[in-house]
Amino acid sequence: MDVEAKDYNSLNLSEEQEEKMINEAFQDVLDGYLRSNHRKKVEIIKRAYEFAKNAHKGIRRRSGEPYILHPIAVAKIVSQEIGLGSTSICSALLHDVVEDTEYTVEDIEINFGKKIASIVDGLTKISGGIFGDKASAQAENFRKLLLTMADDIRVILIKMADRLHNMRTLSSMLPNKQYKIAGETLYIYAPLAHRLGLFAIKTELEDLSFKYEHPDTYKDIKDKIVESEKKRNSQYTDFSTPVKAKLDEMGLKYTINARVKSAYSIWKKMETKHIPFEEVYDLYAVRIVFDCDADANEKQICWNIYSAITDIYKLHPTRTRDWVSTPKTNGYRALHLTVMGPDGNWVEVQIRSRKMDDIAERGFAAHWKYKIGESDEESELESWLKTITDILKEPKPNAMDFLDTIKLNLFATEIFVFTPKGDLITFPKNATVLDVAYELHTELGSHCIAGKVNHRLVPISQKLQSGDQVEILTSETQKPTPEWLNFVVTAKAKSKLEQALRKERKKIVDKGEAAVMAAIEENNLTDANRFITKLMGVYNFHTREDLFFAVGDNKVALTDSVVKSTVKKQNQGIFTRIWPFTGKKKDVDETQSAETITPDKINKKEIYVLRSEGGVQNYKTASCCNPIPGDDVVGYVDDNEEVIVHKMDCEVAMRIKSSFGNRLVATKWLESPLQTSFLATISVKGIDRMGILQELIHEISINMSINIRKLDIEARDGVFDCLLDLRVSDARIVDRLCRQIKKIKDVTYAARIK
């Protein structure tokens with residue numbers, strides 16, 4: 001069952017061997033379930049397996065394997081990696097039956113009962129991934145997912161298992177499908193897994209997405225992790241030996257180990273800080289997991305271990321995180337501290353009880369294992385699901401904005417603030433006074449004029465810090481304004497504010513529409529639609545509503561002369577095409593200005609070769625990320641059948657992969673001729689001294705023969721900061737240049753930037 005999907009066809013199994021393999025895979029699921037703490041409802045699981053097996057008989061996956069192996073694998077993840085019971089195992093085994101076969105939800109209900117049928121129905125509604133081919137369908141599918149999730153959390157947990165198995169077997173898909181599924185996974189599924197506390201699944205989803213989007217970089221980091229293992233083990237042994245001695249002395253029963261960062265999180269750190277692998281010093285964290293008989297003693301033991309470690313090593317003063325006293329909203333509990341190790345590097349230590357560790361790795365599902373009534377963490381989940389439901393009551397008309405609003409609260413760093421009465425509320429990082437007002441009550445938000453943070457008067461845009469006490473000041477005359485959207489960050493505040501703004505806007509739109517209709521009537525115009533269309537062209541409005549709003553807001557006056565001149569005008573290209581991913585008008589600046597040749601014939605099932613010669617290209621580069629040959633890129637086929645190339649990890653590309661997967665095309669760079677050049681920007685920093693600029697220019701212009709187009713350098717207080725625009729043939733040249741520049745004495749940093 002662990003055979004890679006792409007290798008399946010090479011096995012050449014007989015029908016009997018296949019049957020044996022399928023039964024062994026199912027037995028593996030059953031054995032795992034029998035080892036769990038769940039009630040042993042084996043009979044219904046066996047019936048679900050036989051039902052699904054017969055329903056999918058003769059159907060194969062793209063990899064060639066019998067389709068039934070997929071639901072069996074999903075059931076195994078649900079049972080053994082998430083920790084769910086018989087209802088979820090049956091639902092996982094049956095999750096594709098209604099969508100892919102002649103059976104209906106009613107058939108499932110008759111055979112397996114209402115609860116399993118309800119979960120299978122929920123999974124069928126959101127089948128084919130969160131997203132459809134069009135943005136509107138995508139938003140609708142996502143709404144269904146979240147609404148069903150609010151009804152029964154097991155739906156999304158099984159969907160997570162389904163996505164995880166699809167990612168594990170992604171190698172059998174076409175490259176453009178791989179990009180779509182990997183992009184979609186990073187954009188929504190990984191943040192959802194994080195929000196639900198499924199840490200192990202979230203990490204694997206990120207790593208698998210990274211593997212398919214940046215295969216060479218992924219392999220390079222994995223190889224370097226293996227190469228550095230010996231050194232890392234030596235550092236860990238030096239660090240942990242005195243800690244173990246102290247914990248043994250305390251009489252604790254515990255495990256201690258070093259957890260290496262995932263390849264994706266290492267890469268994110270390298271990208272964010274523009275550093276090579278060798279300069280990522282916190283490659284691992286030390287985790288201590290202790291046994292504890294009584295929940296009431298967990299907190300005390302955590303702090304006892306903290307005290308023992310800080311007796312041995314010096315503590316980093318600002319990097320202690322007490323998630324024991326105040327758990328994260330996804331239920332995560334642990335005590336984190338960072339200390340200076342014996343080798344002079346900072347080491348993060350995570351302290352957890354066995355129960356905390358189980359919940360940290362497997363999320364809310366693990367709560368059911370320990371459940372005695374409703375816990376605080378489950379209340380937090382209920383609260384989050386209620387927020388989602390509130391947003392869904394007023395869904396945004398723009399699909400991408402809707403998804404972004406939801407995503408705001410999926411992957412946010414959390415802060416904690418207090419009300420004047422001492423109630424604690426969790427918010428995303430950068431939340432403002434206005435976010436607090438809307439969280440407490442919609443009316444408070446709409447009439448908020450200022451706040452008091454720690455008894456000091458502040459504006460409503462004031463960003464909050466963890467531990468702030470916030471009081472809201474209101475006025476009956478205050479009304480929401482569009483400018484408020486610039487500084488609210490929570491999904492709830494954004495949703496409520498836009499709801500209020502739409503209400504106000506509708507009044508003005510109605511007033512404007514009435515004025516336009518009155519002008520049409522006064523001037524005896526027979527074709528109202530034609531007049532309105534011409535008026536939109538004159539003032540360059542994209543929609544009728546925009547026109548009516550401008551008229552109602554007195555920004556456009558319908559004088560006699562305006563009406564008469566509009567009637568005379570011919571309707572000439574009045575509509576402006578809006579670029580769907582940035583919200584900007586698409587103009588010549590939106591893509592690189594190099595002349596493009598007629599694009600090669602595009603077959604999305606094949607790899608599109610990106611060619612460039614003498615300044616002429618068969619593609620366009622997106623200005624949002626400005627990729628150059630050698631970068632990992634993905635192609636987007638626009639309405640004109642032209643290929644727009646984005647960096648794989650560009651934010652705009654992330655949205656495209658999530659929403660317009662049917663327009664993606666896998667791409668590869670053709671080796672560029674030496675005379676072809678592209679613009680790249682690098683940042684150089686270091687200690688200021690006489691002659692360092694001369695050495696820098698000599699290395700770039702003379703030693704490496706690279707054309708400098710722009711140089712901006714500033715020296716202050718003994719250090720310098722330099723930005724250089726260069727013409728290069730590909731990304732490898734930039735990487736080599738940065739390595740060479742770092743060899744110059746007193747240069748401490750050199751990296752390509754966006």
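Using cut-offs of 30° and 60° for the angle between ring planes, the Trp267 and Tyr264 rings count as tilted. Classification of the Tyr332-Trp323 ring pair by plane angle, with boundaries at 30° and 60°, yields perpendicular.
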Q: Quick one: do Lys180 and Glu184 satisfy salt bridge (Lys or Arg N to Asp or Glu O under 4.0 Å)? Show the steps, please.
A: CA-CA 6 Å; Lys180 176 194 183 299; Glu184 182 181 282; 2.9 Å; yes
**Message:** With side chain to side chain contact (heavy atoms under 4.5 Å, CB included) as the criterion, how do Ile359 and Arg333 come out once you've worked through the C-alpha distance, each side chain's angles and the decisive distance to 0.1 Å?
**Reply:** CA-CA 8 Å; Ile359 290 167; Arg333 294 171 68 227; 5.9 Å; no
I'd like to know whether Asp223 forms a side chain to side chain contact (heavy atoms under 4.5 Å, CB included) with Lys219, so could you lay out the CA-CA distance, the side-chain angles of the two residues, the decisive distance to 0.1 Å, and finally the verdict. CA-CA 6 Å; Asp223 290 346; Lys219 184 179 181 303; 3.0 Å; yes
Before giving the answer on side-chain hydrogen bond (donor to acceptor under 3.5 Å, both in side chains), spell out for Thr217 and Asp220 the whole-Å C-alpha distance, their side-chain angles and the decisive distance to 0.1 Å. CA-CA 5 Å; Thr217 311; Asp220 186 45; over 6 Å; no
Salt bridge (Lys or Arg N to Asp or Glu O under 4.0 Å) evaluation trace for Arg35 with Asp31: CA-CA 6 Å; Arg35 288 192 300 269; Asp31 292 344; 5.3 Å; no
* To do: Show your reasoning for whether side chain to side chain contact (heavy atoms under 4.5 Å, CB included) applies to Asp28 and Ile72.
  => CA-CA 9 Å; Asp28 190 19; Ile72 291 173; over 6 Å; no
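Looking only at side-chain heavy atoms (C-beta outward), Val98 and Asp121 stay at 4.5 Å or farther from each other. The shortest distance between side-chain heavy atoms of Asp96 and Val74 does not fall below 4.5 Å. With a 4.5 Å cut-off on side-chain heavy atoms, Val633 and His646 do not count as touching. At a threshold of 4.5 Å between non-hydrogen side-chain atoms, the residues Glu18 and Pro66 count as touching. Counting only heavy atoms from C-beta outward, the side chains of Asp357 and Arg287 approach each other to under 4.5 Å. Inter-residue side-chain proximity for Arg168 and Glu204 is flagged as met; some heavy-atom pair is nearer than 4.5 Å. Between Leu283 and Ile266 there is a side-chain heavy-atom pair separated by less than 4.5 Å. Proximity of Asn166 to Thr185: side-chain heavy atoms (C-beta onward) are nowhere separated by under 4.5 Å.
Ionic pairing of Lys20 and Glu16 is not present here: no N-O contact between side-chain nitrogen and carboxylate oxygen is shorter than 4.0 angstrom. Lys268 has no carboxylate O lying under 4.0 Å from a charged side-chain N of Glu206, or vice versa, which leaves the two without a salt bridge. Ionic pairing of Lys647 and Glu271 is not present here: no N-O contact between side-chain nitrogen and carboxylate oxygen is shorter than 4.0 angstrom. Of the charged side-chain nitrogens involved, at least one lies within less than 4.0 Å of a carboxylate oxygen, so that Lys159 and Asp162 count as a salt-bridged pair. Between Asp358 and Arg354 there is no salt bridge, since no side-chain nitrogen of the basic residue lies less than 4.0 Å from a carboxylate oxygen of the acidic one.
For the atom pair CD1 of Ile156 and CZ of Arg163, the computed distance is 10.5 Å after rounding to the nearest 0.5 Å. Considering CG of Leu93 and NE2 of His70, their distance stands at 11.0 Å, rounded to 0.5 Å. Atom-to-atom distance recorded for Met648:CE and Cys625:SG is 11.0 Å, nearest 0.5 angstrom. Here NZ of Lys202 is found 10.0 Å from CG of Asp207. Values are rounded to the nearest 0.5 Å. How far CD of Glu24 is from CE of Met21: 9.0 Å, rounded to the nearest 0.5 Å. Distance check, rounded to the nearest 0.5 Å: CD1 of Ile68 to CD of Glu19 gives 10.5 Å.
Ile89 and Val78 get closest at one heavy-atom pair: N-CG1, 4.2 Å. A pairwise comparison of heavy atoms in Ala48 and Leu94 identifies O-CD2, 3.8 Å as the closest pair. Among all heavy-atom pairs drawn from Tyr284 and Ala258, the shortest one is CD1-CB, 3.7 Å. Thr101 and Ala55 make their closest contact through CG2-O, 3.3 Å (heavy atoms, listed as atom of the first residue, atom of the second, distance). Here the shortest heavy-atom pairing between Ile225 and Lys261 reads CD1-O, 4.4 Å. The shortest non-hydrogen separation linking Pro71 to Ala92 is CB-O, 3.7 Å.
Checked against side chain to side chain contact (heavy atoms under 4.5 Å, CB included), Lys46 has the following partners two or more places apart in sequence or in another chain: Phe26, Leu30, Val42. Annotation: side chain to side chain contact (heavy atoms under 4.5 Å, CB included) contacts of Glu50 (sequence neighbours excluded): Lys53. Not counting sequence neighbours, the partners of Lys41 by the side chain to side chain contact (heavy atoms under 4.5 Å, CB included) test are Tyr33, Arg39, Ile44, Ser86.
Between Tyr103 and Phe51, the ring centre distance stays below 6.0 Å.
Remark: the backbone N or O of Met173 is paired with a side-chain donor or acceptor of Gln178 at under 3.5 angstrom. For the pair Glu213 (side chain) and Val634 (backbone), a donor-acceptor distance under 3.5 Å is absent. No donor-acceptor distance shorter than 3.5 angstrom exists from the side chain of Ser79 to the backbone of Ala75, with no hydrogens or angles considered. Checking side-chain atoms of His194 against main-chain N and O of Pro191 turns up no donor-acceptor pair under 3.5 Å. With hydrogens and angles disregarded, a donor-acceptor distance shorter than 3.5 Å links the side chain of Tyr212 to the backbone of Ser171.
Using modelled atom types, one finds a donor on one side chain and an acceptor on the other under 3.5 Å when comparing Asn23 with Tyr49. Checked by atom type, the side-chain pair Thr169/Arg61 shows a donor-acceptor distance below 3.5 Å. Using modelled atom types, one finds a donor on one side chain and an acceptor on the other under 3.5 Å when comparing Thr104 with Asp107.
For Lys177, the NZ atom is loosely surrounded, since the number of other residues' heavy atoms within 6.0 Å does not exceed 12.
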